[in-house]
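Written out below as structure tokens is the structure these notes cover.
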Amino acid sequence: MKFFIDTANLAQIKEAQDLGVLDGVTTNPSLMAKEGITGHENVINHYKAICEIADGDVSAEVIATDFENMVKEGEVLAALNPKIVVKVPMIREGIKAIKYFSSKGIKTNCTLVFSAGQALLAAKAGATYVSPFIGRLDDISTDGLALIEDIRLIYDNYGYETQILAASVRHPMHIIECAKLGSDVITGPLSAIVALMKHPLTDIGLAQFLADHAKAAEK
Ligand code: E4P
């Protein structure tokens, strides 16, 4: 299972990369804005900086919503670095753009997916990744994990190679449940990834080991 970090914050990306378990990065226009990254030149430079830090795929989202400009933007983004995955919203023009990018060998991430039908269309168009937003579904009292289960079933039925990238992950249980359901990738905040390692018995056990070791050394 691949772990992506969902942020445009360079320090957090570096921290996750240094942990040794990072497989990629996802960003979106809101995450870029949160870091104060505005203007074409700054956005481009920021993607380049992310690619320098992270080892795996880096999703960079197009802003255009019409086919022609999505293609223009996506081609510029893809040319920045082979790690770049062009992130395209699940809309009619987006499906056309994903089909186009796929025919040109450009990696894509179909974003803002909230239903199995949308995920099926993304796979048919040849998306490299599909991003179901499980946290945002949970937020409206709809089972986000059930969507992961449905997409896994559909993709396996037909052998679609589009990778399920569970997005909008909020906490460690989302990651564990996604792993049980066979999601290929999760993307979430560093806090959710780091929380996986915490267990009180680990802390108590380690404290005991170190205390016993120190006592024995005194003898
Ligand atoms: C996915 O790629 C999105 O950037 C992201 O996971 C959205 O998460 P949010 O619902 O926490 O904003």
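First listed ligand is number 1; within each ligand, the first listed atom is number 1. What's counted below: heavy atoms across the whole structure, side chains too, no hydrogens, waters or symmetry copies. Everything numeric in this text was worked out from a predicted model, so none of it was measured.
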Q. Short N/O distance, under 3.5 Å, between Ser131 and ligand 1?
A. no
If you scan protein heavy atoms around atom 5 (C) of ligand 1, the nearest is Asp6 OD2, 2.8 Å
For Lys2, is there an ion pair with Asp57 - N to carboxylate O distance below 4.0 angstrom?
no
Near Arg170 (heavy-atom distance under 4.0 Å), the atoms of ligand 1 are 9 (P), 10 (O), 11 (O)
| For residues Asn45 and Glu41, is any side-chain donor paired with an opposing acceptor at under 3.5 Å? | no
Side chains of His46 and Asn42 in contact at under 4.5 Å (non-hydrogen atoms): no
Among non-hydrogen protein atoms, atom 4 (O) of ligand 1 lies closest to Asn28 ND2, 2.7 Å
among protein heavy atoms, the one nearest atom 12 (O) of ligand 1 is Arg136 NH2, 2.8 Å
Hey, are the side chains of Tyr47 and Asn81 touching, using non-hydrogen atoms and a 4.5 Å cut-off?
no
Open item on the list: Between Asn9 and Glu35, do the side chains contain a donor N or O and an acceptor N or O under 3.5 Å apart?
Closed with: yes
The atoms of ligand 1 lying under 4.0 Å from a heavy atom of Ala167, numbered in the order shown, are 1 (C), 6 (O)
N/O of Lys87 under 3.5 Å from N/O of ligand 1, yes or no?
yes
Would you please classify the geometry between the Tyr158 ring and the Tyr160 ring as parallel, tilted or perpendicular, with 30° and 60° separating the classes?
tilted
| said: For ligand 1, which is the ligand I care about here, please tell me if Ser168 has any N or O atom under 3.5 Å from one of the ligand's N or O atoms. | reply: yes
